[in-house]
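Okay, structure first, notes after.
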Amino acid sequence: MTIEKMMEVLNKPNVHIGDPDHVKHVIEQIIQGGPDKLQIVADFDFTLSKFYEKGKPCSGCHNVLEEGSLPEVYKEKARTLRDTYFPIETNPKLSIEEKIPKMIEWWTKAHALLETCEISRDSIKHCVSSSTAKLRDGCSWFFDELKTYEVPVLIFSAGIGDIIEEIIKQQSTMHDNMHIVSNYMKFNEEGKMTGFQNAIIHVYNKNENAIHDSDYFQNIEHRTSMILMGDSLGDLHMGDGAEVDHKLKIGFLNGRVEESLELYKKKYDIVIVEDETLDVPNNLLLSIL
Ligand code: TMP
């Protein structure tokens with residue numbers, strides 16, 4: 001696909017671009033670099049997965065457990081936590097500095113609550129298969145195409161790694177070019193969950209510090225083009241550990257559209273509003289690969 005055709009693809013009522021000349025330039029540079037120079041960094045919940053399907057909300061990975069067979073008392077407490085903290089996470093009037101202590105509070109309480117539930121490793125499969133968590137339309141094509149060209153994909157999530165892997169395995173394929181950095185559960189010998197493996201990754205510490213002692217970005221430092229995909233402003237920092245020449249930031253704005261659109265247009269190069277597909281990134285891959 002030519003750059004002109006690609007810009008036409010972006011010319012849709014739900015696709016918003018603050019600076020079209022900049023976007024055109026970055027896409028041209030990424031196309032020129034080709035697949036050998038490319039790396040992808042993507043958030044999971046509501047970026048690779050759907051926010052809504054057929055008018056109904058879909059689960060993020062924490063909610064997969066709430067929809068599953070956990071005790072009612074857990075579900076109620078988890079819902080209360082979300083009703084308290086999610087509006088803070090998405091409030092465009094609060095600064096990230098103001099939000100961080102609240103997010104640490106949320107993840108700490110949510111993880112402590114999960115530890116009381118005696119979750120078994122086996123139950124995760126069932127929770128996922130019976131949940132409303134759904135990969136976006138076109139996500140399998142996206143993963144398969146990136147595998148064909150051996151483009152590394154970092155999925156960076158403040159969700160739960162075990163659940164993300166299970167969703168991908170059930171609805172698509174977890175290829176060996178894909179790497180997940182997230183909160184992973186710890187299990188004892190009987191397969192019961194006893195806690196989490198590393199320090200908390202919450203929505204606003206998804207930067208290089210959260211890739212625990214990892215040389216992920218160093219190993220691919222010759223890949224100087226990055227496509228970064230996210231749905232929150234915290235996701236913008238997911239690629240901070242990599243020094244790249246060209247970065248295209250694609251943001252999915254799933255809710256609070258009127259109050260957040262202008263801010264998103266300043267922070268993300270391309271903003272996709274209320275769309276449950278990966279059509280825009282997939283069209284980009286058609287041009288680059
Ligand atoms: P991320 O996928 O964008 O990295 O963020 C994970 C999302 O999980 C974030 O929007 C908040 C949400 N969440 C819950 O729904 N329930 C919880 O218990 C916690 C800790 C987070």
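Whatever order the structure lists ligands and atoms in, that order sets their numbers, starting from 1. Since this is a predicted model, take the numbers as computed values, not measurements.
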| field | CA sep, side-chain torsions, deciding dist, call: His175, Phe143, ring pair (Phe, Tyr, Trp, His ring centres under 6.0 Å) | value | CA-CA 8 Å; His175 296 296; Phe143 288 156; 7.3 Å; no
| query | At a 4.0 Å threshold, what atoms of ligand 1 neighbour a non-hydrogen atom of Ala110? | reply | 18 (O), 20 (C)
| query | Given that the side chain starts at C-beta and the backbone is N, CA, C, O, which of these parts of Arg82 lies under 4.0 Å from ligand 1, counting heavy atoms, or is it both or neither? | reply | side chain
| query | Less than 3.5 Å between some nitrogen or oxygen of Asp43 and one of ligand 1, yes or no? | reply | yes
| Considering all heavy atoms, the nearest Phe252-Pro281 contact | CZ-CG, 4.3 Å
| query | Hey, is ligand 1 close enough to Glu89 that some N/O pair sits below 3.5 Å? | reply | yes
| request: Determine whether any heavy atom of Leu81 lies closer than 4.0 Å to an atom of ligand 1. | output: no
| query | In terms of ring plane angle, is the pair Trp106 and Tyr85 parallel, tilted or perpendicular, where the classes change at 30° and 60°? | reply | parallel
| task | Using non-hydrogen atoms of the residue, decide whether Lys206 is closer than 4.0 angstrom to ligand 1. | result | yes
| said: Against ligand 1, does Ser157 come closer than 4.0 Å with any heavy atom? | reply: yes
| field | Residue pair Glu274 / Asn14: nearest heavy atoms and the distance that separates them | value | O-ND2, 4.4 Å
| remark: Between Ser120 and Ser123 the two heavy atoms that sit nearest each other are O-OG, 2.7 Å
| said: Below a 4.0 angstrom heavy-atom separation, can you tell me which part of Asn63, side chain or backbone, both or neither, approaches ligand 1? | reply: side chain
